[in-house]
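Have a look at the structure below, then the notes.
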Amino acid sequence: MTDEGHGTLATAYRTHTCGELRAEQVGQEVTLAGWVNRRRDMGQLIFIDLRDRHGVTQVVIDAAESPDAHEIASEVRNEFVLRVWGSVARRLAGTENPKLSTGDIEVRASTVEVLSAAKTPPFPINEPEDTDETLRLRHRYLDLRREQINDRLVKRSRLLRAISDVHHRHGFVEVETPILIKSTPEGARDFLVPSRLQPGNVFALPQSPQVLKQLLMIAGFDRYFQIAHCMRDEDARADRGPEFTQLDLEMSFVSQDDVMAFVESMVTEVTRAVVPDRPIRQTPFPRFTYREAIDRYGSDKPDVRFGIELRDLGPVVEGSGFGVFDSVLAAGGRVFGMAVPGMADVSRSHVAELTELARRAGAKGLVHLSVESTGAVASPVLKILGEARAEQIVEAAGASPGDLVLIVADRDIHAQEALGELRVALGDRLGLIEDASELSYVWIYGFPMYKWDEHLGRWDATHNPFSGVVPDDEPLLTTASGDPSRPSPQDPAGQARALQHDLALNGWELGGGSIRIHRRDLLERSFALQGHKLDGMREKFGALLDAFEYGAPPHGGIALGIDRWIARLTDQENIREVQAFPKTGTGSDLMLGAPSPAEPSQLAELGLQLAPFPKSS
Ligand code: ASP
């Protein structure tokens, strides 16, 4: 556990924390308070490692020196809370513990008081060993006593403080926005809160403070930030839970470059404050257009810490006579490949495993070619492709002897995305990341404004429905028919680029933002393309549309996920590991026992009746 370099933490109960005493204090009379981390009973001598979140101090209780304290100490167990009076002594030569910051000294106790007894905890607190997550979540207050998770939350606190410092220094105003609001269109399902005073009506919990922060710009707060709690009723994943925290910020009178430049310097400064020992791979952060990120890395949040890159093999496989490639190309699809270093002699079972991975990533199949050390190409499809073309493919894929070329053919961006997932899995498996401590921030911009929703037969905002359009592309915000109520995948709107910017870190999307539309006519046009009728628009976004008519400054911003950010900074694969009281994958709080059935009286008060619901097993 680390000491944070704060002032004294002395209180009525203690003169020092358990992480504070050093050789300089030898001879001083001190009082410590904390938990029994471990107790070793050697008969006349009892050793207690006393722990608080600042560290561990060894306390020695000698029956000959302090018989009363010894009697009490012989009864205590792990996790009892004690107060100990004693003097600081140097440990005997050879018994120092270099692993502890207090390892040169011990406290020889004169008095021991039990402040609180403890049952045997359901899992050991003093060991980092893995414990069943259900058990950890049920007793999160015990889990949080453990050093590793405690450290992560301390880092999280440092992150929040650094964020606040940088924003205040740059003229931002911190504004809290309400939790009971109207639905915000972030693309997920809302959590609803029924109104007691207005039966039949509901509030929505914010998916983000998007509309409110834009209204703050219209209100003249030209620089706003907030550590905002957001709720989205969607299924949990490693990097997503129903409830999360984001750094939400918005700025007025800015270009996209202004926003990106501020965010980049803020992120750099915050990173250096939280994890000063971790190098940032590249500053300024590399910038990729969406297209480039997809075509080179198969991802809109590329991990560029290792070098495998995708190549467009369309031109060299065209007319190859290989049905899979020909039919995909004929249908307007793409054929992409990548060279994986040193994997030429891959086993059949390994190929099967990679194919399965590709399938799970959405590919219909995976073609592979091995470049042997002699340079000769081997592949199950060599006969169909012919040697000359196989060599061209190898060259186009940038493969060298010893490499394995993996190829996926599919429509749209599916080929790249499937290879992108394989790329990440192989990068990990082959240990291609040289310095795992490196932090690689990258910007992605130039996203399309809309993507075609096949099921609903309409355009959908790629990110935020309020994102602005690249000025040159404004004329494209239209349908081929000219009638926004008759959209089709061939509409010019599909070509329009958004003023959207996403920030990724080591392969995770940290967040995104944009320069916003700040004109009523344009926003109405954009919403119409997304299938909104005028009435519906007014009902849903009336406040913002109206506000645009009272002098709206050009503005833009971003939101970054705090949980994801700190998870990456502390190398955690699941955001639950950096949240104090997270929900499970199925959205429960196991400690508090929530959600739980509502009392009939509560339902009656709200004017609600529950429909019969199948009991979940
Ligand atoms: N409102 C967006 C989100 O929460 C972020 C933004 O555009 O600033 O994802």
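Ligands are counted one by one from 1 in listed order, and the atoms in each one are counted from 1 as well. Just so it is clear, the values below take in all heavy atoms, side chains as well, and ignore hydrogens, waters and symmetry mates.
Taking all heavy atoms of Lys213, His463, Arg516, Gln246 into account, the minimum distance to atom 7 (O) of ligand 1 is reached by Arg516. Comparing Arg232, Gln214, Gln207, Glu509 by heavy-atom distance to atom 4 (O) of ligand 1, the nearest is Arg232.
The backbone N or O of Glu577 sits less than 3.5 Å from a side-chain atom of Arg152, completing a donor-acceptor pair.
Enclosure of atom CD in Glu438 by more than 12 non-hydrogen atoms of other residues, nucleotides or ligands within 6.0 angstrom is indicated. In Phe221, the CZ atom is not crowded: 12 or fewer heavy atoms of neighbouring residues, nucleotides or ligands sit closer than 6.0 Å.
Ranking protein heavy atoms by distance to atom 1 (N) of ligand 1, first place goes to Gln210 OE1, 2.5 Å. Of the protein's heavy atoms, Gly512 O, 3.3 Å lies nearest to atom 5 (C) of ligand 1.
Heavy-atom contacts of Ile558 reach the following atoms of ligand 1: 8 (O) (cutoff under 4.0 Å). Within ligand 1, the atoms closer than 4.0 Å to a non-hydrogen atom of Ser208 are 1 (N), 4 (O), numbered from 1 in the order shown.
Inter-residue side-chain proximity for Lys540 and His532 is flagged as met; some heavy-atom pair is nearer than 4.5 Å.
Between His555 and Phe253, a ring centre-to-centre spacing not shorter than 6.0 Å is recorded.
Contact detail for Thr271 and Leu569: the closest heavy-atom pair is CG2-CD2, 4.2 Å.
Checked by distance only, ligand 1 and Asn464 come closer than 3.5 Å through their nitrogen or oxygen atoms.
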